[in-house]
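Scroll down for the structure; my scribbles are underneath it.
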Amino acid sequence: QVQLVESGGGSVQAGGSLRLSCSASGSTGGNYFGIGCMGWFRQTPGKEREAVAAIYNSGDFGFYADSVKGRFTISRDNAMKTSLLQMNSLKPEDAGIYYCAVRRGGRSCSKWDSQIQYDFWGQGTQVTVSS
């Protein structure tokens, strides 16, 4: 099993930056310390949870939603079992609860934006962006 804890959320004015962190504990075996594809999702009231970004097991390639391309950067440190989401030039529409999600060790980022492809989820961290 894997447990995920997000941190780094908070309140910021439009145009500001935040860096979210996801720390994983436990393992499901396989390479990269037993953690597969790592992703970030967000949810705002009245809307479905949407994919924001994901990163390959190796950490050498990331995927992004069109709405955040060029502003957000995802990274991971496999030895630390941590994923970071650097969010720059934040907009009010970026506000919401951000969730970290991971797949079992060995699972790649195929269909990276599909929630059902992720095996473990964090509790979420709140991001507020004021205009």
Side-chain angles (χ1 to χ4, degrees):
Q1 294 296 312
V2 174
Q3 293 77 44
L4 303 173
V5 177
E6 302 98 334
S7 61
S11 297
V12 65
Q13 289 190 329
S17 298
L18 284 173
R19 187 175 70 172
L20 304 184
S21 177
C22 173
S23 180
S25 59
S27 172
T28 59
N31 294 333
Y32 305 107
F33 297 88
I35 302 294
C37 179
M38 299 184 79
W40 287 91
F41 290 75
R42 68 186 179 193
Q43 187 166 24
T44 53
K47 293 185 178 181
E48 293 187 358
R49 190 178 298 183
E50 62 175 350
V52 175
I55 189 165
Y56 267 147
N57 310 27
S58 60
D60 59 0
F61 191 83
F63 302 86
Y64 298 92
D66 288 342
S67 59
V68 306
K69 281 182 181 176
R71 300 187 297 121
F72 290 14
T73 302
I74 188 171
S75 61
R76 67 187 282 171
D77 182 328
N78 284 326
M80 298 297 292
K81 296 184 181 179
T82 300
S83 173
L84 299 177
L85 185 67
Q86 178 67 43
M87 307 187 295
N88 298 328
S89 302
L90 282 161
K91 304 176 181 179
E93 51 263 42
D94 293 319
I97 300 175
Y98 281 70
Y99 297 91
C100 175
V102 304
R103 300 181 182 183
R104 295 181 180 275
R107 294 193 62 202
S108 69
C109 286
S110 175
K111 298 181 181 179
W112 72 272
D113 55 352
S114 173
Q115 296 182 53
I116 63 173
Q117 296 293 329
Y118 291 83
D119 300 300
F120 305 100
W121 291 81
Q123 294 299 307
T125 185
Q126 179 75 50
V127 171
T128 303
V129 184
S130 57
S131 57

Say you draw a straight line from OG of Ser108 to CD of Gln117; how long is it, rounded to the nearest 0.5 Å?
9.0 Å
If you measure from the Lys or Arg side-chain nitrogens to the Asp or Glu carboxylate oxygens, is any gap between Lys91 and Asp94 under 4.0 Å?
no
Answer yes if the ring centres of Trp40 and Phe72 are under 6.0 angstrom apart, and no otherwise.
no
Side chain Tyr64, main chain Ile74, donor-acceptor under 3.5 Å:
yes
Determine whether Tyr98 and Met87 satisfy the following criterion, side chain to side chain contact (heavy atoms under 4.5 Å, CB included), listing intermediate values before the conclusion.
CA-CA 12 Å; Tyr98 281 70; Met87 307 187 295; 3.8 Å; yes
If you measure from CG on Leu90 to OG on Ser130, what distance do you get to the nearest 0.5 Å?
10.5 Å
Under 3.5 Å: donor-acceptor pair, side chain of Arg103, backbone of Asp119:
no
Is the backbone N or O of Gly9 less than 3.5 Å from a side-chain atom of Thr125, with the two atoms forming a donor-acceptor pair by type?
yes
Geometric class of the Phe63/Tyr56 ring pair [parallel <30°, tilted 30-60°, perpendicular >60°]:
perpendicular
Gly124 backbone acceptor or donor facing Glu6 side chain under 3.5 Å:
yes
Could you state whether Ile55 and Ile35 fall into the same hydrophobic cluster, counting links through intermediate Ile, Leu, Val, Met, Phe, Trp or Tyr residues with side-chain heavy atoms under 4.5 angstrom apart?
yes
Check this for me: Gln3, atom CD, are more than 12 non-hydrogen atoms of other residues, nucleotides or ligands nearer than 6.0 Å?
yes
Could you go through Met80 and Asn78, starting from their C-alpha distance and side-chain angles, then the distance that decides it, and tell me whether this counts as side chain to side chain contact (heavy atoms under 4.5 Å, CB included)?
CA-CA 5 Å; Met80 298 297 292; Asn78 284 326; over 6 Å; no
With a 3.5 Å distance limit and no angle check, can you tell me whether Lys111 reaches the backbone of Ile116 through a side-chain donor-acceptor pair?
no
Taking the six-membered ring of Tyr99, is the NZ or CZ of Arg49 close enough (under 6.0 Å from the centre) and on axis enough (within 45°)?
yes
If hydrophobic clusters are built by linking Ile, Leu, Val, Met, Phe, Trp and Tyr wherever their side-chain heavy atoms come under 4.5 Å apart, do Phe41 and Leu4 end up in the same one?
no
Any donor-acceptor pair under 3.5 Å linking the side-chain atoms of Thr82 with those of Asp77?
no
Find out whether Asp113 and Val52 are in side-chain contact, i.e. whether some heavy atom of one side chain is under 4.5 Å from a heavy atom of the other.
no
What do the steps show when you test Ser21 against Ser7 for side chain to side chain contact (heavy atoms under 4.5 Å, CB included), and what is the final call?
CA-CA 5 Å; Ser21 177; Ser7 61; 3.6 Å; yes
Rounded distance [0.5 Å steps], OG in Ser131 versus CD in Gln13:
9.0 Å
Quick one: does Val2's side chain get under 4.5 Å of Val102's, heavy atoms only?
yes
Distance check, rounded to the nearest 0.5 Å: Leu85 atom CG versus Arg42 atom CZ?
9.5 Å
Nearest heavy-atom approach of Ser17 to Asn88 is OG-OD1, 2.9 Å
Please answer whether the main-chain N or O of Gly105 pairs with a side-chain N or O of Asn57 as donor and acceptor at a distance below 3.5 Å.
no
From OG1 (Thr73) to CG (Leu84), nearest 0.5 Å:
10.5 Å
Are Leu18 and Met38 linked, directly or through other ILVMFWY residues, by side chains that come within less than 4.5 angstrom of each other?
yes
Tyr118 side chain vs Trp112 backbone, donor-acceptor pair below 3.5 Å:
yes
To the nearest 0.5 Å, what is the distance between NZ (Lys81) and SG (Cys22)?
12.0 Å
Could you walk me through whether Phe120 and Gln1 satisfy the side chain to side chain contact (heavy atoms under 4.5 Å, CB included) test, starting with their C-alpha distance in whole Å, then the side-chain angles of each, then the deciding distance to 0.1 Å, before giving a yes or no?
CA-CA 8 Å; Phe120 305 100; Gln1 294 296 312; 3.2 Å; yes
